[in-house]
Amino acid sequence: MPTPAHSSRSPTDHRPQTTSLLAWYRAHRRDLPWRRTRDPYRIWVSEIMLQQTRVDTVIPYYERFLRALPDLQALAAAPEQALLKLWEGLGYYRRARHLQAAAKRIVHDLDGCVPATAAGWRELPGIGDYTAAAIASIAQNEPVPVVDGNVLRVAARVWGLTDDIALPRTREQIRTRLQALMDNTPAAHAAPGDFNQALMELGALVCIPGDSPRCAECPLQPDCIACRDDRTAELPVKARRRAVPHYHVAVGIVRRGNSILVQKRPAAKMLGGLWEFPGGKLQSGETPAAALRRELCEEIGLEVIDAEPLGIVAHAYSHFRVTIHAFLVIAPSRFRARPTAADEARWVTPAALPLLPMPAATLRILALLEKNALAR
DNA sequence: AAGTCGGGGAC
DNA sequence: GTCCCAGACTT
């Protein structure tokens with residue numbers, strides 16, 4: 001009687017494909033900066049930056065950050081504004097605050113010694129299940145699996161899982177299966193960092209989102225249920241996210257002499273600690289110019305006499321979108337700003353503006369300003 | 001379980 | 001426009 005090539009395995013025994021996954025990874029892994037070190041500090045910084053952020057985006061930030069703050073002590077001692085400037089444009093700025101808070105805890109409370117296990121890393125701010133497992137497996141060889149967006153997609157397809165991968169229960173099931181796979185495969189157990197990175201790399205390069213993964217190149221293809229049944233386009237199953245609201249905002253670039261007014265956002269709120277121009281949302285039926293007058297009066301106590309439209313910037317945040325109407329406003333020389341919505345207001349010369357950390361949308365308004373100035 | 005928290009690339 | 005990205009945290 002002819003026997004299938006993999007008849008010696010039970011349906012849940014995926015050791016042979018695990019071995020080919022590791023071989024594929026070692027042949028195809030990208031040469032990324034954080035793959036040239038085992039320094040837990042550097043691996044940690046990379047994993048925080050990589051949260052919800054693409055590899056190509058992170059690379060320049062990672063290299064600049066480590067040049068400026070090459071070790072734990074430097075990070076713990078860095079001024080907040082310098083830290084945020086290094087993070088400017090990367091998004092999710094709370095990551096930077098948590099990173100430094102954790103560094104301070106390690107330096108001051110843990111005698112400068114980083115945690116030795118995933119459970120220890122998990123106690124630190126900004127480090128959840130994924131990041132703790134990633135650091136411990138990659139930098140410290142602890143055999144714990146990571147579950148990120150890539151891994152969820154690969155697992156859902158290979159195992160033909162139709163449960164919503166956004167549900168914690170589904171994620172836990174996948175984590176448990178991966179732990180068993182790692183524990184039962186000597187090659188993976190001995191190189192958990194490679195195993196974890198192999199799954200993520202496969203998700204990034206081969207088992208990509210959408211309806212056209214590159215199954216012909218996949219080392220797991222022989223045992224992939226989604227590929228076998230031609231269901232890669234349907235998997236993974238993920239609940240659709242609801243539509244995001246769209247706001248219109250008016251902001252004023254207020255000049256007084258040769259200075260421009262900027263405000264520092266409260267630390268605990270969105271874009272905390274970053275600097276931006278005063279302004280706010282349009283109310284229902286309100287024109288941008290009317291909103292500008294109202295907001296500048298409310299936020300800094302300025303009666304706007306004349307506002308010249310500078311331009312419009314569209315920007316998408318994670319849970320809403322905005323169209324920003326920017327204006328040039330001249331303030332009288334006697335004007336003194338009294339901020340009501342910000343931690344601090346400051347008058348800055350145009351040359352000094354780039355020294356302050358600002359959100360991406362504000363940087364784009366600034367670019368409008370420079371273009372406008374050149375046209376004059 | 002759902003909402004908050006950025007920004008950008010791919011389609 | 002939509003979806004996704006080496007997620008964490010709060011409520």
Side-chain angles (χ1 to χ4, degrees), chain A residues 25 29-30 32-35 43-62 84 87-99 101-102 121-139 145-154 164-171 175 193 195-205 207-213 233 236 238-246 265-274 276 313-322 357-364:
Chain A
Y25 176 65
R29 67 198 288 263
R30 289 169 291 179
L32 304 175
W34 45 89
R35 287 184 177 159
I43 302 294
W44 173 27
V45 170
S46 77
E47 290 299 343
I48 299 300
M49 287 188 170
L50 285 163
Q51 289 169 5
Q52 293 292 287
T53 310
R54 295 171 190 284
V55 163
D56 292 341
T57 302
V58 166
I59 290 173
Y61 282 91
Y62 173 83
L84 289 174
W87 213 269
E88 181 185 68
L90 198 53
Y92 288 137
Y93 298 92
R94 198 170 49 170
R95 291 183 295 179
R97 297 176 180 286
H98 281 151
L99 185 63
W121 285 103
R122 183 69 179 79
E123 300 294 313
L124 294 171
I127 299 182
D129 292 335
Y130 163 78
T131 305
I135 300 170
S137 64
I138 296 169
V146 298
V147 180
D148 77 327
N150 289 310
V151 172
L152 286 169
R153 182 172 56 257
V154 173
D164 184 348
I165 60 167
L167 298 176
R169 190 183 69 245
T170 310
R171 296 175 180 229
R175 195 200 62 76
F195 175 77
N196 285 332
Q197 293 186 83
L199 274 178
M200 294 191 282
E201 193 81 335
L202 191 70
L205 301 181
C207 192
I208 56 179
D211 56 6
S212 51
K238 196 172 182 180
R240 288 177 62 83
R241 81 177 71 170
R242 62 182 174 81
V244 299
H246 188 161
R265 295 182 60 95
K269 299 180 71 176
M270 186 171 99
L271 306 170
L274 301 182
E276 64 180 12
V313 166
H315 193 75
Y317 292 92
S318 41
H319 55 301
F320 63 92
R321 297 170 182 281
V322 288
M358 296 179 167
T362 302
L363 291 174
R364 292 171 58 191

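What you are looking at is a predicted structure, and each value in this text was computed from that prediction instead of being measured. Convention: sequence-line order gives letters A, B, ...; per-chain numbering from 1.
- At distances below 3.5 Å, not a single donor-acceptor pair connects side-chain atoms of Arg175(A) with backbone N or O atoms of Val147(A).
- For dA6(C) and dC5(B), the P atoms lie 23 Å apart once the distance is rounded to whole Å.
- When the nucleotides dC5(C), dA6(C), dA8(C) are ranked by their closest atom to the side chain of Thr131(A), dA8(C) comes out on top.
- A straight line from CZ of Phe195(A) to C1' of dA6(C) spans 15 Å, rounded to a whole angstrom.
- Residue His319(A) places none of its side-chain N or O atoms closer than 4.0 Å to OP1 or OP2 of dG3(B).
- Contact between the side-chain N/O atoms of Arg153(A) and the OP1/OP2 oxygens of dC5(C) is found at a separation under 4.0 Å.
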Give me, pair by pair, the N or O atoms of the protein and of nucleotides 6-9 of chain B that are less than 3.5 Å apart, along with how far apart they are.
from	atom 1	to	atom 2	distance (Å)
dG6(B)	OP1	Tyr92(A)	N	3.3
dG6(B)	OP1	Tyr93(A)	N	3.0
dG6(B)	OP2	Leu271(A)	N	2.6
dG6(B)	O4'	Tyr92(A)	N	3.0
dG6(B)	N7	Tyr92(A)	OH	3.2
dG6(B)	O6	Tyr92(A)	OH	3.1
dG6(B)	N1	Gln52(A)	O	2.9
dG6(B)	N2	Gln52(A)	O	3.4
dG6(B)	N2	Thr53(A)	OG1	2.9
dG6(B)	N2	Leu90(A)	O	3.3
dG7(B)	OP1	Tyr93(A)	OH	2.8
dG7(B)	OP1	Ala360(A)	N	2.9
dG7(B)	OP2	His315(A)	NE2	3.2
dG8(B)	N2	Arg54(A)	NE	3.1
dG8(B)	N2	Arg54(A)	NH2	2.9

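- Two residues are said to be in side-chain contact when any heavy atoms from C-beta on lie closer than 4.5 Å; Leu202(A) and Asn150(A) fail this criterion.
- Across dC3(C) and dG3(B), the matching P atoms stand 15 Å from one another, rounded to whole Å.
- Side-chain contact between Tyr92(A) and Gln51(A): absent, with no pair of heavy atoms (C-beta onward) separated by less than 4.5 Å.
- Here the P atom of nucleotide dC3(C) and the CG atom of Asp211(A) are 14 Å apart, to the nearest Å.
- Residues satisfying the side-chain hydrogen bond (donor to acceptor under 3.5 Å, both in side chains) criterion with His315(A), sequence neighbours excluded, are Arg364(A).
- Among dC3(C), dC5(C), dA6(C), the nucleotide with an atom closest to any side-chain atom of Arg240(A) is dC3(C).
- Each of Leu167(A) and Phe320(A) lies near DNA chain B, and the nucleotide nearest Leu167(A) is the one positioned closer to the 5' end.
- Taking atom CH2 of residue Trp34(A) and atom P of nucleotide dA6(C), one finds them 10 Å apart after rounding to whole Å.
- With rounding to whole Å, Glu47(A) atom CD is found 9 Å from dG7(C) atom P.
- Along DNA chain C, the nucleotide closest to Arg30(A) and the one closest to Pro125(A) are compared, and the more 5′ of them pairs with Arg30(A).
- Nucleotides dA8(C) and dG8(B), compared at atom P, are 22 Å apart to the nearest Å.
- Put simply, CZ on Arg122(A) is 6 Å from P on dC9(C), counting in whole angstrom units.
- The separation between His246(A) atom NE2 and dT2(C) atom P is 12 Å, rounded to whole Å.
- Between the Tyr61(A) side chain and the Glu88(A) main chain, a donor and an acceptor come within less than 3.5 Å of each other.
- Separating the CG atom of Asp56(A) from the C1' atom of dA6(C) is a distance of 13 Å, rounded to the nearest angstrom.
- Not one N or O on the side chain of Arg35(A) forms a donor-acceptor pair closer than 3.5 Å with the backbone of Arg29(A).
- Ile135(A) places its CD1 atom 13 Å from the C1' atom of dA8(C), with the value rounded to the nearest Å.
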